[in-house]
Amino acid sequence: MALCQQLAHALLAYYDKHARSLPWRGENDLYRIWISEIMLQQTGVSAVEKYYPKFLSHFPDVQTLAQAPLQSLLLHWQGLGYYQRAHHLHRAAHYIIQEWQGILPEERELWLKVPGVGPSTASAILAIGRNQPHAILDGNVKRVLARFLALQESIDGRSGQKILWQAAARLTSKIRPGDYAQAIMDLGATVCTRTQPRCDQCPWQMACVACNAGNPSAYPLRNTKKAKPNKCEVALLFYNSEDKFYFEQRSEKGLLASLWQPCSLPWSADRARPDAATIRSLVQESFAGHVEGAVELLTPVEHLFTHFKLTVYPYRFRVHRLFERAPYCWLPQVEWAQLPMATLHQKVMHSSLITKPLPG
DNA sequence: AATTCGTGGAC
DNA sequence: TGTCCAAGAAT
């Protein structure tokens with residue numbers, strides 16, 4: 001146990017010299033720390049830096065967050081990914097006001113009741129915000145500890161994670177757990193990196209089993225991932241006589257939850273791209289719609305999601321009499337630019353308008 | 001326990 | 001080009 005605290009001390013000494021300067025460092029407002037931890041889930045620091053200040057200026061406290069429309073949260077979240085997090089934040093704000101009169105909890109067990117807050121995030125919030133002695137276990141810590149222990153088990157499996165949690169708890173500083181949590185994440189991000197770890201700069205070099213064995217890059221072990229299937233969609237960019245475009249809102253659950261998009265239909269990945277005539281009959285059959293003028297074939301958009309690859313074939317044309325699928329809206333460009341939309345659909349809409357102005 | 005959730009940068 | 005993966009949680 002004494003050895004563990006020596007290691008913690010060495011890491012803290014490293015941190016005192018080399019800590020990264022980040023917008024959420026030095027905060028003691030649990031609300032602001034909470035927001036940062038949610039944004040940082042599976043998301044790079046450089047991406048979060050672009051969203052964190054704006055989000056906080058629009059939603060400076062729990063009350064503001066709860067009172068804001070979900071669409072407003074999603075708009076400030078768009079492009080950041082994992083949109084369920086924005087839904088969780090909204091639900092969480094209501095929950096905190098309902099159950100705790102808007103006061104953020106100071107106990108880990110209570111934070112675990114908050115939607116979107118799991119074991120590592122709950123620990124991080126109270127370690128960083130209140131210097132409580134909780135251990136975190138994120139991607140950085142898993143990599144650092146797997147190398148430190150030369151862990152022969154996958155960090156994805158139950159047994160491997162159990163070992164890692166125990167190691168994380170033992171190694172955490174009892175005096176400065178908040179700084180320790182940020183220090184070990186910094187270490188993983190800047191020294192114990194995925195490729196080409198800089199072991200010569202590591203405060204744990206002498207005790208690291210993998211480094212002493214000369215093969216730190218062999219760790220961590222991971223489960224084999226299955227291949228990403230190819231999927232395909234047709235995007236129908238309807239516009240009317242007022243040059244307003246048609247949009248639909250996605251389901252409030254699942255992929256890109258509650259975001260807006262042009263009308264989209266699944267298309268078998270092994271079928272060729274449909275031609276103009278096929279699109280005309282498709283619109284007639286599926287929407288009782290009538291295409292006026294030419295069907296424009298726009299540039300296909302490819303997009304990589306976490307577990308599949310998507311190709312979108314966009315088409316643009318004027319329609320007359322359309323069976324609409326609620327929830328929907330017709331908006332001119334200046335207004336649909338304010339709809340929360342995924343990066344994928346921004347790409348689709350962007351290419352369709354910038355490269356080709358509306359005919360007539 | 002295994003999947004499902006985005007996006008962009010590094011290599 | 002493809003592959004990996006980042007302050008994980010929910011289901």
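Throughout, a chain's letter reflects where its sequence line sits, starting with A, and its residues are numbered from 1. Computation of the quantities below employed the complete heavy-atom set of this structure, encompassing side-chain atoms and omitting hydrogens, waters and symmetry-equivalent molecules.
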Practice item. Could you state the atom-to-atom distance from CH2 of W111(A) to C1' of dA9(C) in whole Å? Key: 15 Å
**Study point:** Length of the line joining H303(A):NE2 and dG6(B):C1', which is rounded to integer Å
**Key:** 6 Å
**Study point:** Under 3.5 Å donor-acceptor, R321(A) side chain and H290(A) backbone
**Key:** no
Study note, to complete from the structure: Tracing side-chain contacts under 4.5 Å among Ile, Leu, Val, Met, Phe, Trp and Tyr outward from Y15(A) reaches none
**Study point:** Residues which pass side chain to side chain donor-acceptor pair (under 3.5 Å) with R194(A), listed by chain and number, not counting sequence neighbours
**Key:** none
Check your understanding: At what distance, to the nearest 0.5 angstrom, does SG of C263(A) lie from CZ of F287(A)?
Key -> 3.5 Å
Practice item. Give one of base, sugar-phosphate or nothing for G188(A), where a contact means two heavy atoms less than 4.0 Å apart. Key: nothing
Point to revise | Interatomic distance where CD belongs to Q41(A) and C1' belongs to dA6(C) [whole Å] | key: 11 Å
Every protein N/O lying under 3.5 Å from an N/O of nucleotides 3-5 of chain C:
{"unit_1": "dC5(C)", "atom_1": "OP2", "unit_2": "K225(A)", "atom_2": "NZ", "d": "3.0"}

Check your understanding: Can you list, by residue number, the residues of residues 10-38 of chain A that have a non-hydrogen atom closer than 4.0 angstrom to DNA chain B?
Key -> none
Study note, to complete from the structure: Comparing M341(A) with T195(A), nearest DNA chain B nucleotide closer to 5' gives the residue M341(A)
Exercise for review: Mind checking side chain to side chain donor-acceptor pair (under 3.5 Å) for R176(A) and listing every partner two or more places apart, or none if nothing turns up?
Suggested key: D16(A), D179(A)
**Study point:** salt bridge (Lys or Arg N to Asp or Glu O under 4.0 Å) partners for R108(A), two or more places apart
**Key:** none
Practice item. Looking at every strand, decide which applies to V117(A) at a 4.0 Å heavy-atom threshold: base, sugar-phosphate, or nothing. Key: sugar-phosphate
**Study point:** Short side-chain N/O contact to dA6(C) OP1/OP2 from T43(A), under 4.0 Å
**Key:** no
Check your understanding: Quantified in whole Å, what is the P atom distance between nucleotide dG2(C) and nucleotide dC5(B)?
Key -> 22 Å
Practice item. Verify the neighbour count for atom OH of Y328(A): are there more than 12 heavy atoms of other residues, nucleotides or ligands below 6.0 Å? Key: no
Exercise for review: Could you measure between the two P atoms, the one in dT11(C) and the one in dG6(B), and give it in whole Å?
Suggested key: 14 Å
Check your understanding: Rounding to a whole Å, what distance do you find between H87(A):NE2 and dG8(C):P?
Key -> 20 Å
**Study point:** Between dA6(C) (P) and L80(A) (CG): distance, integer Å
**Key:** 16 Å
**Study point:** Non-neighbouring partners of R198(A) that pass salt bridge (Lys or Arg N to Asp or Glu O under 4.0 Å), sequence neighbours left out
**Key:** none
Study note, to complete from the structure: Nearest-nucleotide check on DNA chain C, V114(A) vs G44(A); residue mapping nearer the 5' end is G44(A)
Write down the protein N/O and nucleotide N/O pairs, taken from nucleotides 2-5 of chain B, whose separation is under 3.5 Å; answer none if there are no such pairs.
{"unit_1": "dC5(B)", "atom_1": "OP1", "unit_2": "L255(A)", "atom_2": "N", "d": "3.2"}

Point to revise | OP1 or OP2 of dA10(C) under 4.0 Å from side-chain N/O of H88(A) | key: no
Revision key, fill the gap. Taken to the nearest whole Å, CG/D156(A) to P/dG8(C) is 13 Å
Practice item. Not counting sequence neighbours, which residues clear salt bridge (Lys or Arg N to Asp or Glu O under 4.0 Å) with E302(A)? List them please. Key: K309(A)
**Study point:** Residues in side chain to side chain donor-acceptor pair (under 3.5 Å) contact with W330(A), at least two apart in sequence or another chain
**Key:** E324(A)
**Study point:** Atom-pair distance (CG on L89(A); P on dG8(C)), nearest Å
**Key:** 15 Å
Point to revise | Nearest-angstrom distance from the residue atom CD of Q346(A) to P of dT7(B) | key: 9 Å
Review point. At under 4.0 Å between heavy atoms, what does I128(A) touch on the DNA or RNA strands: base, sugar-phosphate, or nothing?
Key: nothing
Review point. Apart from L221(A) itself, what residues make up its hydrophobic cluster, given side-chain heavy atom links below 4.5 Å?
Key: Y219(A)
Review point. Among all residues two or more places apart in sequence or in another chain, which pass the side chain to side chain donor-acceptor pair (under 3.5 Å) test with Y315(A)?
Key: R273(A)
